[in-house]
Amino acid sequence: MDRASPYDSPNPHRLYRDPQRGVLGGVCTGVADYFGVQPAVIRLAMLFALFFFSVPLVIAYVIALMVLPVRPAQLYRDAEEEAFWRTVSTKPDRTLAGLTQRFRDMEKRIVGMEAYVASKEFELNRAIRDLDR
């Protein structure tokens, strides 16, 4: 029986490797996608680090190549969903504030609808509408 952990997140914004867009296994492209930078920046940083830390860097790259999952083709439904999940990962406090504001707005609308349905005006409009039948 395959049960999901209660600690699993629905957030699809994770570190993947992207062999379709990558040069050598897609590790640099996956890291660039995760941090929201151009892959060329990560590749240049890797090339620069290769001069100073060649053996550990090669070992880390091979491990990342074996451990990181391949990026799924349809990771997000649309650009809006991708922007939301990136913000959740990078700025969770701003995301929480935005969601709090949305729920407050929704609550105000519901309170307004409840007030209208419970009002005498609603009853009068319903009685007039019933007379037209």
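Quick note: numbers below take in every heavy atom, side chains included, and nothing from hydrogens, waters or symmetry partners.
The structure places CD of Glu114 at 7.0 Å from CD1 of Ile110, a figure rounded to the nearest 0.5 Å. For the atom pair CG (Leu47) and CG (Leu57), the distance works out to 10.0 Å, reported to the nearest 0.5 Å. A distance of 7.0 Å separates CZ of Arg126 from CG of Asp130, quoted to the nearest 0.5 Å. Of the inter-residue distances, the one linking Met46 atom CE with Leu24 atom CG reads 9.0 Å to the nearest 0.5 angstrom.
Open room surrounds CD on Gln38; 12 or fewer heavy atoms of other groups in view lie less than 6.0 Å from it. The number of heavy atoms from other shown groups lying within 6.0 Å of CZ (Phe53) does not exceed 12.
Both Phe35 and Leu68 are assigned to one and the same hydrophobic cluster, defined by single-linkage of ILVMFWY side chains at heavy-atom distances under 4.5 Å. Both Val31 and Val37 belong to a single network of hydrophobic side chains, linked directly or stepwise wherever heavy atoms of I, L, V, M, F, W or Y lie under 4.5 Å apart. Cluster membership for Met113 and Phe103, using ILVMFWY side-chain heavy atoms within less than 4.5 angstrom, is shared.
Heavy atoms only, all atoms of each residue included: Phe122 and Tyr116 are closest at CB-O, 3.0 Å. Nearest heavy-atom pair, Tyr61 versus Gly25, reported as atom, atom and distance to 0.1 Å: OH-N, 4.5 Å. Contact between Ala32 and Pro39 at its shortest, heavy atoms only, is CB-CA, 3.5 Å. The two atoms that bring Ala64 and Val27 nearest to each other are CB-CG1, 3.9 Å, heavy atoms only. Residues Arg71 and Asp33 share a closest heavy-atom pair of NE-OD2, 3.4 Å.
Side-chain contact between Val70 and Pro19: present, with at least one pair of heavy atoms (C-beta onward) separated by less than 4.5 Å.
In terms of the ring pair (Phe, Tyr, Trp, His ring centres under 6.0 Å) criterion, residue partners of Phe48 (sequence neighbours excluded) are, by chain and number, Phe52. Under the side chain to side chain contact (heavy atoms under 4.5 Å, CB included) criterion, Leu96 pairs with Thr100, not counting sequence neighbours.
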Could you go through the side-chain contact (heavy atoms from CB on, under 4.5 Å) check for Val58 and Leu50 one step at a time?
-> CA-CA 8 Å; Val58 169; Leu50 191 60; 4.2 Å; yes

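When only modelled atom types and interatomic distance are considered, Thr29 and Arg43 share a side-chain donor-acceptor pair under 3.5 Å.
Salt bridge annotation for Asp18-Arg21: present, with a cationic side-chain nitrogen under 4.0 angstrom from a carboxylate oxygen.
Between the side chain of Arg17 and the backbone N or O of Leu65, at least one donor-acceptor pair lies under 3.5 Å.
Hydrophobic cluster membership of Ile63, counting Ile, Leu, Val, Met, Phe, Trp and Tyr whose side-chain heavy atoms lie under 4.5 Å apart directly or via other members: Val55, Ile59, Val67.
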